[in-house]
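We name chains A, B, ... by the order of the sequence lines, and we start the count at 1 in each one.
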Amino acid sequence: MLIDLARTSAAVAADSARLAKIRHLAELLGRVGPDEAEIAIAYLSGELPQRQIGVGWRSLRDLPEPRQVATATLTEVDEHLGRIKAQAGAGSQAARKELLARLFGAVTRQEQSFLLRLLTGELRQGALDGVMIEAIAKASGVPSAEVRRALTLRGWLPAVGAAALRGGVDALREFHLEVGRPVAPMLAQSAPSVAAALEKVGGPAAIEWKLDGIRVQAHRTGDEVSVFTRTLDDITAQVPELVEAVRALPETDLVLDGEVIALRPDGRPEPFQVTSGRVASKLDVASLRETVPLSVFFFDALRVAGADLLDLPDEKRHAALEAAVPAELITPRLVTGDAQEGEEFFTDAVRRGHEGVVVKAPLTPYAAGRRGAGWIKVKPRHTLDLVVLAAEWGNGRRQGWLSNLHLGAYDPETAGFVMLGKTFKGLTDELLAWQTEQFLRLADGPTDEYVVTLRPELVVEIAFDGVQRSSRYPGGMALRFARVLRYRPDKRAEDADTVASVRALLF
DNA sequence: TTCCGACAGTGGGGTCGCAAT
DNA sequence: ATTGCGACCCCACTATCGGAA
C-alpha cells in the first residue's frame, strides 16, 4: 500500500540517526511483496520506475482535497504514473492534469504529501541511494558492498534491490558489465591545489587535463556504438562525431569513459555553454556538426577486447586504453610524484583554456557511484568582493533564514550596482543566523514572501570558477559556481569590485 | 575519544524541446 | 513568435552520522 511507504518515509524523516533510518526502510522492504519491491525501493530512494514523467512543481499546484481512507496500492499508483508519462509529448497537458488530479484525489493527505515530495524530487527524509543501499543489504542479508557492486554495473538501484531481495548474493552476482548498458560513472573529490591532491593520494599519481565539456561513456560491440551521459541517458544520436571515432577504432568490443567538448579551430576549448548547447540539440545535428564540431578525449577504459577492467588499478586500465585508442583521442596525462612538476602541468592546462586537472591514484579500481578518493579534481579559484543586493528566504533546513544572496558589482559611472548572480553556498549555520539578522536591519524596498531587498551596504567575498555570458542579468554576464568565503565588514559598498573588473574576466 | 569518509540537503546558471498562449 | 515548464548539463559547499583510527 502507498500509505505504508508514506508512513515509513515519515518515520525515516523523524529519526536523525542513519541506522534508525536504515531499520525503518529494511523493515518495510521485508514486508513488501516481490512484485512491488522495485516500486517501493524507487519511491523510498526518491526515484520513479518511469525515471521522469513530465511532472514538476508547477503541475502540482491546486491539488484536489484528499480522501479520508487510504486504499491505493503501489501497483495502481505506478500504473497511473505510467499513464501520465504516456501523455507527455502527446500534445495534451490537459489530459495529464486530469490524470494527476485523479491520482491526488484518490489518496489521503499523508499520501499526497509523500507523492508531492517524490514528484518534485525533494523527498527530504534524509535517505536516498546511499541509505537505501544499506537498507537493501540489511533486508536481504547481503553485504552492502555486493549491492554497491551490482549497482555500479546495473546503474539502477530498484532493479538491483529487487534482485537482492529475491535471490540474495547469487542474484546480485548475475549482474555483469554489459556492452550497451551504461555503468554508473566514477566521480571525483576536489582539492585546492595539485600539491594537496598529491598528498591525499599519498604518492605518485597520474595527472590529467580536466576538460570543460560533457562526460560520456561510449560502448561498442561490433559496429554498434552507443553513448551515455553521467546520468546514463542515451545521447548517441546527438554525438555522431564520437560514434564515428569509436567505430573507426580497430578494437570492436569496448567500453570507454571520456569527455566530449567543442573546440575552436585553433584547438582552444569553446565556453561550456557552446558544448552544452551542441550536445543538447537533437533536431539539427547534421548542420550543427559543421558549425560546432565535437571532439572526444577518453581517459579510462572499462572494457577492451572482451575483458572487463573495472577491478583493475588505474594504471592497468590506462595501459589498456593506450593500446586500444590512438594518442590524439586520449586526454593529456602526466604521471609524477613531484608537486612542482604537477603544478606546472596544471598551470599549462589552465593557460590553454581548460578547466583544471584531475589527479588519479594509480592503484584504485573503477569505483563507480561512490565519490572515492581515487580521483581528485583541482581547479583555479577566482575571488571578488561584491555587494549583497537582496536575499531570499531558505527552504527545508534553512527555513526561517535568509539564505540565497543576490550579488552585485559596483558601477562607478552610475554609483549603482549590477547584479551578477546568486549564491547560497559556503554559509555555516552561524553565518546564516548572523546574516538574517543583518539583512532584516538593512531591508529596504520591494519585499515579498520570497525576496527581501536590501540597502546595498554589506560587502561579501565570493569565490567562483569563471564569468559566463548571461541573458538573465543586466550586465550580460553571470558568475559560475559562486560561493561565499567571508563577509568584509572592513569594506564599504563603493570599495567593492567594479563591473569593469568583472567584465575583464569574461572571454 | 577523536578523526574523517560518505551522504543528504540546498540551491546556482545555461540549454534544449515541447505545449500553451 | 513568445513564454513557461520539465529535464538535464555543469556544479560547491556544510551538517551529520557512525565506523575507523
Engineer: With sugar-phosphate meaning primed atoms plus P, OP1 and OP2, does A/Glu122 contact a base, only sugar-phosphate, or nothing at under 4.0 Å between heavy atoms?
Structural biologist: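 Contact class for A/Glu122: none.
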
Engineer: Nearest to the side chain of A/Ile214, heavy atoms from C-beta on, is which of C/dC5, C/dC10, B/dA8?
Structural biologist: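 Closest nucleotide to the A/Ile214 side chain: C/dC10.
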
Engineer: Return the nearest nucleotide to the side chain of A/Lys422; candidates are B/dC18, B/dG13, C/dA12.
Structural biologist: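 The answer is B/dG13.
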
Engineer: Counting only side-chain N and O atoms of A/Ser59, is one of them less than 4.0 Å from OP1 or OP2 of C/dG6?
Structural biologist: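 True: A/Ser59 side-chain N/O within range (under 4.0 Å) of C/dG6 OP1/OP2.
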
Engineer: Using the test side chain to side chain donor-acceptor pair (under 3.5 Å), find all partners of A/Arg488 that sit at least two apart in sequence or belong to another chain.
Structural biologist: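 A/Arg488 satisfies side chain to side chain donor-acceptor pair (under 3.5 Å) with A/Asp490 only.
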
Engineer: A/Leu427 and A/Leu432: which non-hydrogen atoms are nearest, and at how many Å?
Structural biologist: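 Minimum heavy-atom contact is CD1-CD2, 3.9 Å.
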
Engineer: Looking at B/dG9, I'd like to know if its phosphate oxygens (OP1 or OP2) sit under 4.0 Å from a side-chain N or O belonging to A/Arg398.
Structural biologist: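 For B/dG9, OP1/OP2 do not have a side-chain N/O of A/Arg398 under 4.0 Å.
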
Engineer: With sugar-phosphate meaning primed atoms plus P, OP1 and OP2, does A/Phe464 contact a base, only sugar-phosphate, or nothing at under 4.0 Å between heavy atoms?
Structural biologist: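 No contact.
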
Engineer: So, is A/Arg230 near the phosphate of C/dC10, with a side-chain N or O under 4.0 Å from OP1 or OP2?
Structural biologist: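 It does, given that an N or O in the side chain of A/Arg230 lies less than 4.0 Å from OP1 or OP2 of C/dC10.
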
Engineer: Between C1' on B/dT15 and CD on A/Gln468, what's the gap in Å once rounded to a whole number?
Structural biologist: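 Answer to the nearest Å: 11 Å.
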
Engineer: Give A/Ser403 one of three labels, base, sugar-phosphate or nothing, depending on what nucleic acid heavy atoms sit under 4.0 Å from its own.
Structural biologist: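 Answer is sugar-phosphate: A/Ser403 comes under 4.0 Å of backbone atoms only.
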
Engineer: Return the nearest nucleotide to the side chain of A/Arg124; candidates are B/dG17, C/dA15, B/dT10.
Structural biologist: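 Closest of the options to the side chain of A/Arg124: B/dT10.
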
Engineer: Rounding to an integer number of Å, can you tell me how far A/Asn395 CG sits from C/dT14 P?
Structural biologist: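 Distance check: A/Asn395 CG to C/dT14 P gives 20 Å.
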
Engineer: So that I can tick it off, tell me whether A/Asp62 and A/Lys97 are bridged by a salt bridge, with the cut-off set at under 4.0 angstrom between side-chain N and carboxylate O.
Structural biologist: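 No, A/Lys97 and A/Asp62 are not salt-bridged.
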
Engineer: More 5' along DNA chain C: A/Thr229 or A/Ala482, using each one's nearest nucleotide?
Structural biologist: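 Mapping each residue to its closest nucleotide by heavy atoms, the 5'-most match is A/Thr229.
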
Engineer: Identify, between A/Ala280 and A/Met419, the residue whose nearest nucleotide on DNA chain B lies closer to the 5' end.
Structural biologist: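 That would be A/Met419.
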
Engineer: Within less than 4.0 Å of OP1 or OP2 of C/dA12, is there a side-chain N or O belonging to A/Lys377?
Structural biologist: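 So the side chain of A/Lys377 is within the cut-off, an N or O lying under 4.0 Å from OP1 or OP2 of C/dA12.
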
Engineer: With respect to the side chain of A/Thr428, which nucleotide from B/dC18, B/dG11, C/dT14 is positioned closest?
Structural biologist: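 Among B/dC18, B/dG11, C/dT14, the one nearest the side chain of A/Thr428 is C/dT14.
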
Engineer: Give the nucleotide from the list C/dC10, B/dG14, C/dC9 with an atom nearest to the side chain of A/Phe481.
Structural biologist: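 Nearest listed nucleotide: C/dC10.
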
Engineer: Measuring from the side chain of A/Phe272 (C-beta onward, heavy atoms only), which nucleotide among B/dC7, B/dC16, C/dC9 has the closest atom?
Structural biologist: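 Of the candidates, C/dC9 comes closest.
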
Engineer: For A/Gln273 and B/dG13, is the shortest distance between a side-chain N/O and OP1 or OP2 below 4.0 Å?
Structural biologist: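 So the side chain of A/Gln273 is outside the cut-off, no N or O lying under 4.0 Å from OP1 or OP2 of B/dG13.
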
Engineer: Please figure out whether A/Gly54 or A/Arg397 has its closest DNA chain C nucleotide nearer the 5' end.
Structural biologist: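 The 5'-side residue here is A/Gly54.
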
Engineer: Just call it for A/Asp233: base, sugar-phosphate, or nothing, with non-hydrogen atoms closer than 4.0 Å on any strand.
Structural biologist: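 If one applies the 4.0 Å heavy-atom cut-off, A/Asp233 turns out to touch the sugar-phosphate alone, with no base involved.
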
Engineer: Rounded to whole Å, how long is the line connecting atom CZ of A/Arg58 with atom P of B/dC18?
Structural biologist: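 Those two atoms, CZ and P, are 21 Å apart.
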
Engineer: If you check the A/Leu128 side chain, which of B/dG9, B/dC16, C/dC8 turns out closest?
Structural biologist: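 Minimum distance to the A/Leu128 side chain belongs to B/dG9.
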
Engineer: Should A/Glu27 and A/Lys138 count as an ion pair when the cut-off is N to O under 4.0 Å?
Structural biologist: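 Here A/Glu27 does not pair with A/Lys138 in a salt bridge, since their nearest N and O are not under 4.0 Å apart.
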
Engineer: Reckon A/Ile462 touches a base, only the sugar-phosphate, or nothing at all at heavy-atom distances under 4.0 Å?
Structural biologist: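 Contact class for A/Ile462: none.
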
Engineer: Check the orientation of A/Phe417 and A/Tyr410. Use parallel for under 30°, tilted for 30 to 60°, and perpendicular for over 60°.
Structural biologist: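 It falls in the tilted class, 30° to 60°.
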
Engineer: Between N or O atoms, less than 3.5 Å apart, protein on one side and nucleotides 18-21 of chain C on the other: list the pairs.
Structural biologist:
{"from": "C/dG18", "atom 1": "OP1", "to": "A/Arg18", "atom 2": "N", "distance (Å)": "2.9"}
{"from": "C/dG18", "atom 1": "OP1", "to": "A/Leu19", "atom 2": "N", "distance (Å)": "2.6"}

Engineer: What's the separation between atom CG in A/Leu115 and atom CG in A/Leu60, rounded to the nearest 0.5 Å?
Structural biologist: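 Those atoms lie 9.5 Å apart.
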
Engineer: For A/Phe464 and A/Lys425, run side-chain contact (heavy atoms from CB on, under 4.5 Å): C-alpha distance rounded to whole Å, both residues' side-chain angles, the deciding distance at 0.1 Å, then the answer.
Structural biologist: CA-CA 11 Å; A/Phe464 61 100; A/Lys425 299 171 184 172; over 6 Å; no

Engineer: Between C/dT14 atom C1' and A/Gln189 atom CD, what is the distance in whole Å?
Structural biologist: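 Checked: the CD to C1' distance equals 15 Å.
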
Engineer: Taking the six-membered ring for Trp, is the centroid-to-centroid distance between A/Trp434 and A/Tyr487 below 6.0 Å?
Structural biologist: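 Centroid distance A/Trp434-A/Tyr487: below 6.0 Å, so yes.
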
Engineer: For A/Lys379, answer base if it contacts any base atom (sugar-phosphate contacts may also be present), sugar-phosphate if it contacts only those atoms, and nothing otherwise; contact means non-hydrogen atoms under 4.0 Å.
Structural biologist: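 Sugar-phosphate: the residue A/Lys379, judged by heavy atoms under 4.0 Å, touches backbone atoms but no base.
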
Engineer: Would you say a side-chain N or O of A/Trp57 is under 4.0 Å from OP1 or OP2 of C/dC5?
Structural biologist: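 No.
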
Engineer: Would you indicate what A/Ala127 reaches in the nucleic acid, counting non-hydrogen atoms under 4.0 angstrom: base, sugar-phosphate, or nothing?
Structural biologist: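 Sugar-phosphate, no base atom in range.
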
Engineer: Can you tell me the Watson-Crick or wobble partner of B/dC7, both distances under 3.5 angstrom?
Structural biologist: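 WC or wobble partner does not exist here.
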
Engineer: Can you name the residues that form a ring pair (Phe, Tyr, Trp, His ring centres under 6.0 Å) with A/Phe424, not counting sequence neighbours?
Structural biologist: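 None.
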
Engineer: State plainly whether the residues A/Arg181 and A/Asp234 are in salt-bridge range, i.e. N to O under 4.0 Å.
Structural biologist: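 Answer for the salt bridge query: no.
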
Engineer: Rounding to a whole Å, what distance do you find between A/Lys85:NZ and C/dG6:P?
Structural biologist: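 Atom NZ in A/Lys85 sits about 15 Å away from atom P in C/dG6.
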
Engineer: Nearest-Å distance, CD (A/Glu355) to P (C/dC10)?
Structural biologist: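 The answer, rounded to whole Å, is 10 Å.
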
Engineer: Rounded to whole angstroms, how far apart are CG on A/Leu211 and P on C/dC9?
Structural biologist: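 Going from CG in A/Leu211 over to P in C/dC9 covers 18 Å.
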
Engineer: Does a nitrogen or oxygen in the side chain of A/Arg483 sit under 4.0 Å from OP1 or OP2 of C/dC13?
Structural biologist: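 Yes, such a contact exists.
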
Engineer: By the 4.0 Å heavy-atom rule, please label A/Val131 as base, sugar-phosphate, or nothing.
Structural biologist: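 Sugar-phosphate: the residue A/Val131, judged by heavy atoms under 4.0 Å, touches backbone atoms but no base.
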
Engineer: Without decimals, in angstroms, what is the distance between A/Arg215 CZ and C/dC8 C1'?
Structural biologist: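 So the CZ-C1' distance, A/Arg215 to C/dC8, works out to 16 Å.
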
Engineer: At 4.0 Å (heavy atoms only), tell me whether A/Lys97 reaches a base, stays on the sugar-phosphate, or touches nothing.
Structural biologist: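 Answer is nothing: A/Lys97 stays at 4.0 Å or more from every strand.
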
Engineer: So if I take every side-chain heavy atom of A/Glu392 and compare against B/dG17, C/dA12, B/dG12, which nucleotide ends up nearest?
Structural biologist: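 Among B/dG17, C/dA12, B/dG12, the one nearest the side chain of A/Glu392 is B/dG12.
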
Engineer: Are A/Lys21 and C/dT16 close enough that a side-chain N or O sits under 4.0 Å from OP1 or OP2?
Structural biologist: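 Negative; the distance criterion is not met.
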
Engineer: Starting at the 5' end of DNA chain B, which residue's closest nucleotide do you reach first, A/Lys425 or A/Ser281?
Structural biologist: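 Closer to the 5' end of DNA chain B: A/Lys425.
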
Engineer: Which heavy atom of A/Gln238 sits nearest to which heavy atom of A/Ser281, and what is that distance?
Structural biologist: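 So the two residues come closest at CG-O, 3.3 Å.
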
Engineer: What nucleic acid atoms does A/Val55 come within less than 4.0 Å of, heavy atoms only: base, sugar-phosphate, or nothing?
Structural biologist: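 Result for A/Val55 = sugar-phosphate.
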
Engineer: What does A/Ala478 touch in the nucleic acid at a heavy-atom separation under 4.0 angstrom: a base, only the sugar-phosphate, or nothing?
Structural biologist: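 Sugar-phosphate, backbone atoms only, no base.
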
